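See structure below.
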Amino acid sequence: MPELPEVEVTRRQLLPLLVGRRIASVVTTRPSYFFLTAPAVLRRKLPGRTVLALDRIGKYLLAGLDSGERLLLHLGMTGEIVRAGAIAADEHTHLRLRFHDTHPGVDFRDERKFGKVQLLAAGASPKRLARLGPDALRISAEQLRVASRKRRIPIKTLLLDQAVLAGVGNIYADEALYIAKVRPTRRAGGVTRAEFQRLAEAVQQVLQRAIEAGGSSISDYVQPNGSYGWYQEERRVYDREGEPCQRCGSLIRRRLLGQRSCHYCPRCQP
DNA sequence: CAAATCCCCTGCAGGC
DNA sequence: TGCCTGCAGGGGATTT
């Protein structure tokens, strides 16, 4: 399940595959929830365009084109963007880009179609981008504290709010709260300054480390070159219900928070 | 305004 | 073995 680290690893590996390439042809599946821009429009407008840049904002990728337009990509739950051939294309391969010369193409697969593709007009900033908070890699304790004031929601729910900080999802929220020794169910407005300090550091630390590890391949994430990430080997609590806490030996617990599973150590996360 | 709920989708695990 | 139910989750829309 792609969160900031998986999106960033994807971005870095896609850079040499995309930037500087001129699109020769586009193949799509039929219209669906996945396409915010109709696939017929993508097939018509993308050929001939050259990709000039590939940036990341939270969990979104943005490919800047020579027309000034930007192609927005979101991996959703099961999305994977790979070098053509790294993963066999099938009925879930919704967008395929082919380039001029002999450069390898790029395929965007997504089984559950929670991913997104949208072609943005030059200068356009859709609501979904405009509402995003600061990138999670640069979130400060003070920003978290201000966003939490008077909020009664659990601190974990706040961490998942992309308008507060962009990039954290279910796995890294649990991991960051564990590292910071803060129980996920704590009321956001009741978290102390010292805890916000630890939390901001933990968020950055866990995301940075996961990027270095190539992301987490917990359900089905793959890197653009077809490799798997290995951060799942380092996770402390996520999907480890019943296993001993590495700090105190208590058994990791799992419960539901909102509609999401939540994992924590009942002893060292007060 | 904040918070809770629902829904999009598909594969797979678990129960009987 | 096979069918059915439920769950997983990012995030926007809708409801309370």
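Every chain is numbered from 1 and lettered A, B, ... according to where its sequence line falls, protein lines coming before strand lines. As a basis for the values below, the full set of heavy atoms in this structure was taken, side chains included, without hydrogen atoms, waters or symmetry mates. Since we're looking at a predicted model, the values are computed, not measured.
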Find which nucleotide of DNA chain B each of A:P154 and A:E91 is nearest to by heavy atoms, and output the residue with the more 5' nucleotide.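 Looking at the nearest nucleotide for each, A:P154 comes out on the 5' side.
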Quickly work out the [X] [atom1] to [N] [atom2] distance and round it to whole Å.
X      : N      : atom1 : atom2 : answer
A:K113 : B:dC7  : NZ    : C1'   : 15 Å
A:L257 : B:dA3  : CG    : C1'   : 13 Å
A:E111 : B:dG11 : CD    : P     : 5 Å
A:D110 : B:dG11 : CG    : P     : 11 Å

Do [X] and [Y] get their side chains close enough for a donor-acceptor pair, meaning under 3.5 Å?
X      : Y      : result
A:Y178 : A:Q246 : no
A:S140 : A:E142 : no
A:Y221 : A:T78  : no

If you count the non-hydrogen atoms of other residues, nucleotides and ligands that lie under 6.0 Å from CZ in A:R43, is the total more than 12? yes
If you draw a 6.0 Å radius around CZ in A:R267, do more than 12 non-hydrogen atoms from other residues or ligands fall strictly inside?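 Check fails, neighbour count at 12 or below.
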Flag the pair A:V191 / A:S148 as yes when at least one side-chain heavy-atom distance between them is below 4.5 Å, and no otherwise. no
Encode nucleotides 9-16 of chain C as B, S and - characters from 5' to 3', where the letter depends on protein heavy atoms closer than 4.0 Å: B to the base, S only to sugar-phosphate, - to neither. BBBS----
A:K181, A:R187, A:R186 screened by salt bridge (Lys or Arg N to Asp or Glu O under 4.0 Å) with A:E195, the one that passes: A:R186
Specify the angle, to 10°, made by the local axes at the two ends of the helix from B:dA2-C:dT16 to B:dC16-C:dG2 when five pairs are taken at each end.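 One end axis against the other gives 50°.
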With a 4.0 Å cutoff (strictly under), does any side-chain N or O of A:H92 reach OP1 or OP2 of B:dC9?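 No, because none of the side-chain N or O atoms of A:H92 sits under 4.0 Å from OP1 or OP2 of B:dC9.
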Is the phosphate of B:dA2 approached by A:K150 (side-chain N or O, under 4.0 Å from OP1 or OP2)? no
A:P47: side-chain contact (heavy atoms from CB on, under 4.5 Å) partners, not counting sequence neighbours: A:V26
